[in-house]
Amino acid sequence: MDKDEVLKWLERRGTRRTVEGLPRYGIEAARAFGVPMGTLLALKKRLGKDQALSVALWESGWYEARLLAALVGDPQRVTRRQMNAWAASFENWGDCDTVCFHLFDRTPFAWEKARQWSASPREFVKRGAFALMACLALHDKAAPDKNFLSLLPLIEKGAHDERNFVKKGVSWALRAIGRRNLVLNAAALAAARRLAESEEAACRWIGKDALRELRSATVRSQLARRA
């Protein structure tokens, strides 16, 4: 299937009800068909990896086409220029997180961009930085602890940003790092305590959110079993 065929396929499977429901999840998209993720995942299996199709779908501007672009893209063929261009055009947390979770965190430039984007003034580029950190914590099994420890100062710095989607991205990154192992859990808890004691509301919210999860019996049990 080429780009036009995929867009027609999506259009036939979209519903107005799904489109109208997107704002309830905090997703604002200029153009959307209303196709659920489960349907996109089924189409991904048919399409396989296709970098040229991925780029074409992203450039179409349709919300679901962009999600599918993340699913079929080839991380080994993604360039720094592509990552920067896509990040600059993130429209909402949905396309941002899907791209980071399914594609960008598997590229050779993921760690570089996580650090670089954390200083961006743009809301969804900055969220992308922390989404990448969270996804690396989830997926990069070979990364040493020192790589994640080096991200904690960036997370604490990012916690001062009061914008909702950045704030939630920062919390996600801190919690994901703290769930990797006992060493990182201790370091993430120390950062969370500092944030929870801050005079700034965004920092306090992130710190308390992370403390609730990282001190929970469920997480402690999981980490003990892994150890």
Would you say W111 and V78 are hydrophobically clustered, going by side-chain heavy atoms of ILVMFWY under 4.5 Å? no
Report yes or no: do L10 and V19 belong to one cluster of Ile/Leu/Val/Met/Phe/Trp/Tyr joined by side chain heavy-atom distances under 4.5 Å? no
For S118 and A129, the nearest pair of non-hydrogen atoms, with its separation, is N-CB, 3.3 Å
Between atom CD of E20 and atom CZ of R24, what is the distance when rounded to the nearest 0.5 Å? 8.5 Å
Residues pairing under salt bridge (Lys or Arg N to Asp or Glu O under 4.0 Å) where one sits in residues 6-18, two or more places apart or in two chains, turn out to be none
Yes or no on side chain to side chain contact (heavy atoms under 4.5 Å, CB included) for F109 and M83, after CA distance, side-chain angles and deciding distance? CA-CA 9 Å; F109 317 113; M83 292 179 76; 3.8 Å; yes
Evaluate side chain to side chain contact (heavy atoms under 4.5 Å, CB included) for M133 paired with I155, printing each intermediate quantity in order. CA-CA 9 Å; M133 294 179 195; I155 288 172; 3.8 Å; yes
Taking the side chain as every heavy atom from C-beta outward, state whether L43 and T39 have any atom pair closer than 4.5 Å. no
The single option from D2, L68, L47 passing side chain to side chain contact (heavy atoms under 4.5 Å, CB included) against L53: L47
What are the two closest non-hydrogen atoms of L103 and T107, and how far apart are they? O-CG2, 3.5 Å
Rounded at 0.5 Å granularity, tell me how far OG1 in T98 sits from CG in L67. 4.5 Å
With a 4.0 Å cut-off on N to O distance, would you call R106 and D140 a salt bridge? no
Any chance CZ of R31 has more than 12 other-residue heavy atoms, nucleotides or ligands included, within less than 6.0 Å? yes
Residues L138, D105; criterion side chain to side chain contact (heavy atoms under 4.5 Å, CB included); working and verdict: CA-CA 10 Å; L138 292 168; D105 75 319; over 6 Å; no
For side chain to side chain contact (heavy atoms under 4.5 Å, CB included), just list the numbers for L71 and M37, CA-CA rounded to whole Å, side-chain angles, deciding distance to a tenth of an Å, and then say yes or no. CA-CA 11 Å; L71 301 178; M37 177 57 81; 4.3 Å; yes
Please give the remaining members of the hydrophobic cluster of L182, linking ILVMFWY side chains under 4.5 Å, ordered by chain and number. V219, L223
Side chains of R80 and E112: closer than 4.5 Å at any heavy-atom pair? yes
Under a single-linkage rule joining Ile, Leu, Val, Met, Phe, Trp and Tyr whose side-chain heavy atoms are separated by less than 4.5 Å, which residues share a cluster with L211? L189, L214
Salt bridge check: are E162 and K167 linked by an N-O gap of less than 4.0 Å? no
Honestly curious: do W117 and V170 fall in one hydrophobic cluster under the side-chain, below-4.5 Å linking rule? no
Minimum heavy-atom distance between A69 and S54, given as atom pair plus value: O-OG, 2.7 Å
Ion pair present between R179 and E213, side-chain N to carboxylate O less than 4.0 angstrom? yes
Who else is in the cluster with V183 when I, L, V, M, F, W and Y are joined by side-chain contacts under 4.5 Å? none
Classify the ring geometry between F101 and H139 as parallel (under 30°), tilted (30 to 60°) or perpendicular (over 60°). perpendicular
Show me the side-chain donor-acceptor pairs of residues 142-151 shorter than 3.5 Å, one per line, residues at least two apart or across chains.
residue, atom, partner, partner atom, Å
D145, OD1, N181, ND2, 2.9
S150, OG, R115, NH2, 3.1
S150, OG, N147, O, 2.6

Taken to the nearest 0.5 Å, the spacing of L40 CG from R66 CZ works out to 14.5 Å
Heavy atoms of L174 and A191 approach each other most closely as CD1-CB, 4.2 Å
For P108 versus Q76, what's the shortest heavy-atom pair and its separation? CG-OE1, 4.1 Å
Is there a donor-acceptor contact under 3.5 Å from the side chain of E91 to the main chain of A29? no
Cation-pi check, K168 onto W93 ring (under 6.0 Å, within 45° of axis): no
With the side chain counted from C-beta on, respond yes when R46 and M1 share a heavy-atom pair under 4.5 Å apart, and no when they do not. yes
Under 6.0 Å from the NZ atom of K49, do we count more than 12 heavy atoms belonging to anything else shown? yes
Among side-chain atoms of T218 and S221, is any donor-acceptor pair under 3.5 angstrom? no
To the nearest 0.5 Å, what is the distance between OG1 on T79 and CD on Q51? 8.0 Å
Do you see a donor-acceptor pair shorter than 3.5 Å between the side chains of R175 and S171? yes
Judged by modelled atom types alone, do D95 and W86 share a side-chain donor-acceptor pair under 3.5 Å? no
Do K113 and F104 come within less than 4.5 Å of each other through their side chains, counting heavy atoms only? no
What are the two closest heavy atoms between R215 and R220, and how far apart are they? O-CG, 3.9 Å
Under 4.5 Å between side-chain heavy atoms, hopping through other hydrophobics if needed: is there a path connecting W205 to F130? yes
When you group the ILVMFWY residues by side-chain heavy-atom contacts below 4.5 Å and let the links chain together, are L154 and I206 in the same group? yes
Please set out all donor-acceptor pairs under 3.5 angstrom arising from side-chain atoms of residues 55-64, sequence neighbours excluded.
residue, atom, partner, partner atom, Å
W58, NE1, S89, OG, 3.2
S60, OG, L57, O, 2.6
S60, OG, W62, N, 3.4
E64, OE1, F33, N, 2.8
E64, OE2, F33, N, 3.3
E64, OE2, G34, N, 2.7
E64, OE2, V35, N, 3.2

